[in-house]
Amino acid sequence: MLEKIKETATYIKNIIKSEPQIGVILGTGLGGLVEEMKIEHIIDYKDIPNFPVSTVKGHHSRLIFGEFSGKKLIAMQGRFHYYEGYNMKEITFPVKVMKLLGIEYLFVSNASGGVNPDFHIGDLMIIDDQINLFPENPLRGKNEDDFGVRFPDMSETYSAELIAKGVEIAKENKFTVHTGVYAGVTGPTFETPAEYKYLRIIGADAVGMSTVPEVIVAHHMRIPCFAISIITDLGVPNKIVEVTHEDVQNVAEIAEPKMTKIIKEIVSQL
Ligand code: HPA
């Protein structure tokens with residue numbers, strides 16, 4: 001596995017020729033950040049050795065490298081989801097590659113369903129903790145000691161320092177932002193009303209089909225993580241309506257500039 005990760009990182013290094021300081025994984029309908037980058041290289045996943053290829057509608061499948069807010073950044077436009085059939089090692093492979101490329105921070109965005117009754121559609125939620133409801137943990141199997149310890153501590157999975165910066169920036173810009181717990185589920189079904197209720201009871205504020213695997217692997221490698229969810233629908237009693245992938249994409253696209261602004265300001269402060 002390590003050999004494959006190294007091979008992929010070497011391939012990318014030979015193209016980009018400088019070290020990214022920041023990695024970004026962009027969620028559904030959240031590619032707008034790329035428009036604010038001074039792009040230096042675009043590499044399609046299909047051209048990268050050992051990389052899986054993303055299949056979901058609304059996702060590009062490419063790595064974008066360039067400058068953003070004064071820093072060298074590598075953005076994944078299109079991520080790999082469990083519901084597409086990838087296993088946890090495949091989903092998190094790019095995070096390990098980004099680590100070898102030199103990233104010091106990981107930023108993640110996603111669309112999610114709000115289960116906290118105080119949330120509204122279009123709100124932002126900075127993730128301050130997570131619940132892994134995938135049937136697996138990406139670190140299961142032989143530990144890659146070069147990356148991190150066998151039993152990683154998870155008491156601060158998301159960087160408290162980055163969360164504080166994000167909240168402050170949101171306030172300054174008068175954006176409605178919550179902090180809360182993200183539950184990661186497999187999908188591809190959205191939740192039944194009973195499942196939304198269950199998620200609220202176990203302590204989630206929002207639910208989505210991504211992020212948790214990548215963040216576990218980044219945290220294992222001691223990379224400070226910051227993640228932000230756009231609440232695209234509500235799994236709250238009496239507010240549950242039929243939801244489609246298109247609804248999720250539409251809301252995500254509307255709220256996206258706020259999310260990009262927050263990440264941009266945090267990055268400028270690093
Ligand atoms: N559930 C799971 N994933 C999601 C949701 C949801 O309600 N909305 C956007 N992604």
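Just follow the structure's listing: the first ligand is 1, and inside any ligand the first atom is 1.
No side-chain N or O of Tyr198 forms a donor-acceptor pair with one of Glu191 less than 3.5 Å apart. Counted by atom type alone, Asp123 and His178 present one or more donor-acceptor pairs between their side chains at under 3.5 Å. Looking at Glu256 and Thr260, their side chains do bring a donor and an acceptor atom within 3.5 Å of each other.
To the nearest 0.5 Å, atom OG1 of residue Thr8 and atom CD of residue Glu3 are 11.0 Å apart.
In this structure, Glu40 does not pair ionically with Lys17, as no charged nitrogen and carboxylate oxygen lie closer than 4.0 Å.
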Can you pull every nitrogen or oxygen pair between ligand 1 and the protein closer than 3.5 angstrom?
unit_1	atom_1	unit_2	atom_2	d
ligand 1	1 (N)	Glu191	OE1	2.5
ligand 1	7 (O)	Tyr196	OH	2.8
ligand 1	7 (O)	Asp233	OD2	2.6
ligand 1	8 (N)	Gly113	N	3.3
ligand 1	8 (N)	Asp233	OD1	2.7
ligand 1	10 (N)	Ala111	O	3.4

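A donor-acceptor pair under 3.5 Å links the side-chain atoms of Asn173 to the main chain of Ile169, judged by distance alone.
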